[in-house]
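First comes the structure, then the notes that go with it.
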4 protein chains.
Amino acid sequence: MASRQERTDPRVVRSRERVLEAALAELAERGYGGFSIDGVATRAGVARSTIYRLGHDRLSLVAAAMETLNVQPRPEPGGHDPRADVVAIVSHLAAAMQSSLMSDCLPAVLDGAERDPGLRELHHRYSTQRRTRLVEALTRLQESGHVVGDPERAAEALAGAVFYRRLMTPVPLRTDEVEGLVATVLGEAQRASQPE
Amino acid sequence: MASRQERTDPRVVRSRERVLEAALAELAERGYGGFSIDGVATRAGVARSTIYRLGHDRLSLVAAAMETLNVQPRPEPGGHDPRADVVAIVSHLAAAMQSSLMSDCLPAVLDGAERDPGLRELHHRYSTQRRTRLVEALTRLQESGHVVGDPERAAEALAGAVFYRRLMTPVPLRTDEVEGLVATVLGEAQRASQPE
Amino acid sequence: MASRQERTDPRVVRSRERVLEAALAELAERGYGGFSIDGVATRAGVARSTIYRLGHDRLSLVAAAMETLNVQPRPEPGGHDPRADVVAIVSHLAAAMQSSLMSDCLPAVLDGAERDPGLRELHHRYSTQRRTRLVEALTRLQESGHVVGDPERAAEALAGAVFYRRLMTPVPLRTDEVEGLVATVLGEAQRASQPE
Amino acid sequence: MASRQERTDPRVVRSRERVLEAALAELAERGYGGFSIDGVATRAGVARSTIYRLGHDRLSLVAAAMETLNVQPRPEPGGHDPRADVVAIVSHLAAAMQSSLMSDCLPAVLDGAERDPGLRELHHRYSTQRRTRLVEALTRLQESGHVVGDPERAAEALAGAVFYRRLMTPVPLRTDEVEGLVATVLGEAQRASQPE
DNA sequence: CTTTAATCGAGACGGTACGTCGGGTCTTTCT
DNA sequence: AGAAAGACCCGACGTACCGTCTCGATTAAAG
């Protein structure tokens, strides 16, 4: 009999979902410092006490929201053309920076990582996960004979450029600028600007 | 004549200095969201009313602190070797990221720029100023025959890599890693790793 | 039906009581001008916001404290001997002037009544209530054949003497001086001091 | 030679006068608690620092103002008719209560006397001085054969009634009510109400 | 007159209190 | 039992004064 199988009150499930959603929205809109349980409760249409009973406090809510952000979109970059993979990955990142929950939450996450060790650990782990795929593609590219230099440095340069545009300039990197970026960092400039 | 020289009460000068210092420390330690006038006043050893009398409110204080951060270190990169200039600029940035007020305040500044339009404008302006020197060096490098690709993209990649390491990884870029970064982004990898 | 009986949170009741008590103490000790919400909150061991949530501001708190002072002690002076009633009332007032919250608050109340129209109205109303009982007793005394003169004037003289001693001299009227006062004001001096 | 005779800067004299005047007005209008150096300075058209240089602080200014109030109007009540003297003294007091600086300052003085021992001593001394003349007149009246009872009590009742009307009722004792008051307290009621 | 010194106005500064807002915790009541 | 409501404490906000103090500028007195 499957009767004693840890039944959860459907109200709890509903509350949990709405709270997580609201937490993400709050993080995006108010930032780490401005993030408040009260704000989340209001957004979720839920009483503050409900959130506390779910076992959350401020930090755990932020952490939960950050984990929600870390959904890897598709782990299948393994095409036959490593360079196209690199462009695809950078393009994907650039697209995310232009408009997405992740982009909206980015400054908040950076700030949170700066203030709290737990969030920092989380943030660095997820960043490494994301970067790894790019490093792998660059390594494959190098192994296919392309001049890449240090793949780690190249990955940091490519991803860094995308984040730089998001964080330090008014306009994030457009998807159509990705090709030029990759060409520049991979030292293919002569081909791009002097095709003759 | 310069006789009417608008003397300022020395007490005001002293207060202004201490408040600005304290504001920077507060910004670094508490972030944009946690930044409080009370905290600044306590840190500065000054009454809250003094801060308000100086014409500050929360935002203007943050802005003033940010302006303090924007002291250009040395405007004389005009050496004879453009590539050395590039390395010098990136190294300087990398060093700053390893330990400095600017590094400490960076997440707070990014967060502030995200929340407030005024701070955003300031932040982007200063970023542009800093980036411009790098772009110029890269352009000179290109004009001297070096393969650079798009100097704008290259600058974003170089600076971006440094910021990326500061913000997304546990360890900022070390100064001795700069040479490798520059070589990678400038497509000199074959020369560096394959001196053949 | 008494079913919908508007229950009040016991915490609110407790807060209200402590705040009122503290307000009285503050009024007695600091006076109307020195009366501060901060002081009341500290005295009551309550947060300032709690006081504001109870609907109070500075003036309404003072007013509430004054109303607390206006508890009529016992409305049963209707003895068979009007003169004894007069002595009782005056004695009661004299006793209150020697030591009581009302005595301690008196200067503050007078000052408050002078500065604020609302407090003035309150103060005069309560004074009238208290005086009325004395006037009635004097009137009964007059109707019983005693020479009283104008009962209004006599009441003002009797009460006035008690207040005068409290406010203008170092020593309030002692209870054993009341008999002499009443005798003097009621023109019984010859009987009291020259009993034939 | 009268040269070394402690000449005072005329500016100081002028300041001193204006400050004292202003202090009285401030006391009357704002009360003891609301009395502020700043208010006095503004009223006097003088800088705050000027007041402090004159050696004043808050209390000494209030005290100085109170002393100014204590000018005995005329020490010559010694007529041939003691009862007329009594009426004159009480009338004078009643008139003062209706409109005068002293009346305006009364609540402030009472409050000040309650808060500060120095002011209290001053206040009681001046009150005694004023009351003494009334007691003397009543004693003369008693010696002339009139039934007075205890002259001390009678004086307190008469003066008390006047103060009572000023402090506890909306309308001070009118001058034409003085005769009735004196008649009542002196037990002459039968003459007043039953002249037959 | 001119020098010198006291006096003044102006206002910076550290405080304290204001009334408001909002956050996190905890209790009470309802469903 | 779970959820909603909301009372409570805490602390920051920006404002308004207050009493103290330090400044230059003004003005009286002495040479």
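Below, chain A is the first sequence line, B the second, and so on; all start at residue 1.
The shortest heavy-atom contact between D:Leu101 and D:Ala28 is CD2-CB, 4.2 Å. Contact between B:Ala108 and A:Arg115 at its shortest, heavy atoms only, is CB-NH2, 3.7 Å. B:Glu26 and B:Ser36 get closest at one heavy-atom pair: OE2-N, 3.2 Å. Of all non-hydrogen atoms in C:Ala65 and C:Leu24, the two that sit nearest each other are O-CD2, 3.8 Å.
Summary of the strand contacts: C:Arg16 and D:Asp57 both lie near DNA chain F, and taking for each the nucleotide with the nearest heavy atom, the more 5' one is attributed to C:Arg16.
Interface residues of residues 30-54 of chain D facing DNA chain E, ordered by number: D:Gly45, D:Val46, D:Ala47, D:Arg48, D:Ser49, D:Thr50, D:Arg53; criterion, heavy-atom separation under 4.0 Å.
Whole-Å rounding puts the D:Arg14 CZ to F:dT26 C1' distance at 16 Å. Atom CG in A:Leu59 sits about 16 Å away from atom P in E:dG23, given to the nearest Å. Summarising the geometry, the separation between CZ on C:Arg18 and C1' on F:dA7 is reported as 14 Å, rounded to the nearest angstrom.
Ionic pairing of A:Arg166 and B:Glu114 is present here: one or more N-O contacts between side-chain nitrogen and carboxylate oxygen are shorter than 4.0 angstrom.
Residue-environment remark: CZ (C:Arg125) exceeds the threshold of 12 foreign heavy atoms within 6.0 Å.
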